[in-house]
Amino acid sequence: MSEERTPVTVLGLGAMGSALAGALLTAGHPVTVWNRSAGKAAPLVERGAVAAETASAAIAANELVIVCLLEDRSVRDVLGAGADALAGKVVVNLTNGTPRQARELDEWVSARGASFLDGGIMAIPPMIGQAGAFVFYSGHRPSFDAHRAVFDVFGESRYVGDDPGFAALHDLALLSGMYGQMAGVLQAFALIRSAGIAAGEFAPLLQGWLTAMGGYVERAAAQIDSGDYGQDVVSNLAMQEAAFGNFPAVAQDQGVSFELLAPLQPLLKRRVEDGHGAEDVTGVIELLKK
Ligand code: FVH
């Protein structure tokens with residue numbers, strides 16, 4: 001069966017690179033792997049992968065080369081070491097990075113005769129190949145179309161544009177939402193634990209509350225796209241700004257730092273002072289433009 005599947009090279013066998021290579025093996029693809037430090041290839045080799053001695057040899061082995069390393073610097077180091085083998089390859093960088101890094105890498109890779117796709121993995125390693133995992137791709141569309149069946153092994157494949165920076169932009173935007181929510185969750189647990197209540201006891205309440213508030217995203221999007229922050233206002237900004245003073249106050253009283261949420265307060269205040277108190281909190285986005 002494996003002869004029928006596209007052979008793939010995977011550079012980088014950290015938690016995510018190993019999960020990607022493992023999913024490809026499970027799907028019957030011939031896989032060549034390389035990792036900087038020895039040892040991480042062994043479990044994959046046991047399952048049928050070929051371990052290349054060098055990054056250059058791994059790149060030379062197959063047309064499709066998937067890169068999943070720590071960050072942009074390591075990608076540059078590894079592809080730089082294998083630069084002579086890049087001509088004619090399709091390089092797919094699934095390393096977390098910025099749009100600018102993706103565009104610069106696209107230029108560098110293209111100058112060596114290879115096609116480039118950048119990607120953003122929206123999953124943790126155990127989710128790879130499972131329902132719920134998805135990956136953003138952007139860049140060279142013909143390469144995406146040609147290898148989509150391979151990418152679908154990892155999860156749902158979402159192509160978001162010819163601009164190679166767009167996958168990273170979508171990735172970092174979603175992660176911004178995640179980290180913002182994490183900040184709120186940590187603050188909530190810190191407050192509740194300051195009164196001796198276990199996080200586990202409080203967790204169902206917090207989960208239910210965040211789920212109930214999830215509809216905010218769609219309503220905010222409608223206000224932001226129209227630029228009308230006064231439409232469908234349920235809880236006006238002036239009221240929210242007045243109540244927000246209670247958050248640093250309760251943090252202080254409970255002996256909890258407010259530094260995770262503190263940046264929001266001056267923005268709410270400024271927006272009210274600018275005359276937008278009757279609108280929704282969504283209008284704060286106007287203050288984020290630089
Ligand atoms: N794991 C996760 O939950 C997230 C999910 C979303 C996507 N991220 C991004 O995926 C990239 C890889 O993450 P990872 O989880 O595989 O990370 P590590 O397990 O720490 O493995 C890092 C690999 O990078 C190699 N490496 C680091 N520096 C260099 C270098 N200068 N030259 C060559 N290779 C390098 C490292 O090699 P070694 O330490 O084993 O020798 C690992 O293979 C990442 O962008 C996440 O943000 C994961």
Side-chain angles (χ1 to χ4, degrees), residues 8-25 31-47 49-60 65-86 91-106 108-109 116-139 151-158 160 164-182 185:
V8 186
T9 286
V10 178
L11 302 177
L13 299 176
M16 185 54 83
S18 293
L20 299 174
L24 290 168
L25 288 169
V31 179
T32 300
V33 295
W34 176 86
N35 193 62
R36 175 181 61 176
S37 53
K40 290 185 181 170
L44 295 159
V45 169
E46 270 178 32
R47 295 181 54 197
V50 173
E53 288 289 315
T54 63
S56 188
I59 293 168
V65 177
I66 291 177
V67 186
C68 190
L69 296 161
L70 187 61
E71 28 67 313
D72 187 59
R73 183 70 263 154
S74 47
V75 175
R76 292 307 194 113
D77 287 350
V78 171
L79 290 183
D84 289 350
L86 281 173
V91 175
V92 185
N93 179 34
L94 299 184
T95 305
N96 189 273
T98 68
R100 183 203 294 258
Q101 288 168 347
R103 292 178 192 123
E104 289 174 356
L105 188 61
D106 173 56
W108 187 88
V109 165
F116 182 75
L117 285 166
D118 200 67
I121 302 174
M122 306 316 300
I124 56 174
M127 287 171 67
I128 294 300
Q130 309 295 318
F134 66 99
V135 183
F136 291 120
Y137 297 91
S138 61
F151 304 146
D152 285 347
V153 166
F154 305 141
E156 187 187 344
S157 306
R158 289 176 173 255
V160 288
F166 268 25
L169 185 67
H170 283 70
D171 181 348
L172 294 178
L174 284 189
L175 292 179
S176 296
M178 181 190 80
Y179 281 115
Q181 187 175 62
M182 278 180 180
V185 166

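Start at 1 and go down the list; that is how both ligands and their atoms are numbered.
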Taking N or O atoms only and a 3.5 Å limit, does [X] qualify as a polar contact for ligand 1?
X: Glu71; answer: no
X: Pro125; answer: no
X: Leu69; answer: yes
X: Asn96; answer: yes
X: Val78; answer: no
X: Thr95; answer: no

Write out the residue and atom name of the closest protein heavy atom to [atom], then the distance separating them to 0.1 Å.
atom: atom 14 (P) of ligand 1; value: Met16 N, 3.7 Å
atom: atom 20 (O) of ligand 1; value: Leu70 CD1, 3.9 Å
atom: atom 40 (O) of ligand 1; value: Lys40 NZ, 2.6 Å
atom: atom 43 (O) of ligand 1; value: Asn35 OD1, 2.7 Å
atom: atom 10 (O) of ligand 1; value: Cys68 SG, 3.7 Å
atom: atom 21 (O) of ligand 1; value: Gly14 CA, 3.3 Å
atom: atom 39 (O) of ligand 1; value: Arg36 NH2, 2.9 Å
atom: atom 38 (P) of ligand 1; value: Ser37 OG, 3.4 Å

### Message
Using a 6.0 Å cut-off, check whether atom CZ of Arg100 has over 12 heavy atoms from anything other than its own residue.
### Response
no
### Tyr137 side chain reached by Val92 side chain, heavy atoms, under 4.5 Å
yes
### Side chains of Asn93 and Val109 in contact at under 4.5 Å (non-hydrogen atoms)
no
Would you list the atom pairs, donor with acceptor, under 3.5 Å between side chains in residues 49-58 and any protein atom, with sequence neighbours excluded?
residue, atom, partner, partner atom, Å
Thr54, OG1, Ala57, N, 2.9

### Task
Go through the structure and list residues passing side chain to side chain donor-acceptor pair (under 3.5 Å) with Arg76, not counting sequence neighbours.
none
## Note on the structure
Per-atom filter on ligand 1: closer than 4.0 angstrom to a heavy atom of Ile121 are 6 (C)
### Numbered atoms of ligand 1 (with element) below 4.0 Å of Leu13, judged on heavy atoms
43 (O)
### Query
Touching ligand 1 at all, Ala123? Heavy atoms, strictly under 4.0 Å?
yes
Rounded distance (nearest 0.5 Å) linking atom [atom1] of [X] with atom [atom2] of [Y]:
X: Leu11; Y: Leu69; atom1: CG; atom2: CG; result: 6.5 Å
X: Leu117; Y: Leu105; atom1: CG; atom2: CG; result: 11.5 Å
X: Phe151; Y: Leu20; atom1: CZ; atom2: CG; result: 11.0 Å
X: Leu174; Y: Ser176; atom1: CG; atom2: OG; result: 8.5 Å

### Summary
Of all heavy-atom pairs linking Leu70 and Ser74, the shortest is N-OG, 3.4 Å
### Task
Give the contacting part of Asp77 toward ligand 1: side chain, backbone, both or neither, where contact means a heavy-atom distance below 4.0 Å.
side chain
### Query
In terms of the angle between their ring planes, are His170 and Phe166 parallel, tilted or perpendicular, with boundaries placed at 30° and 60°?
tilted
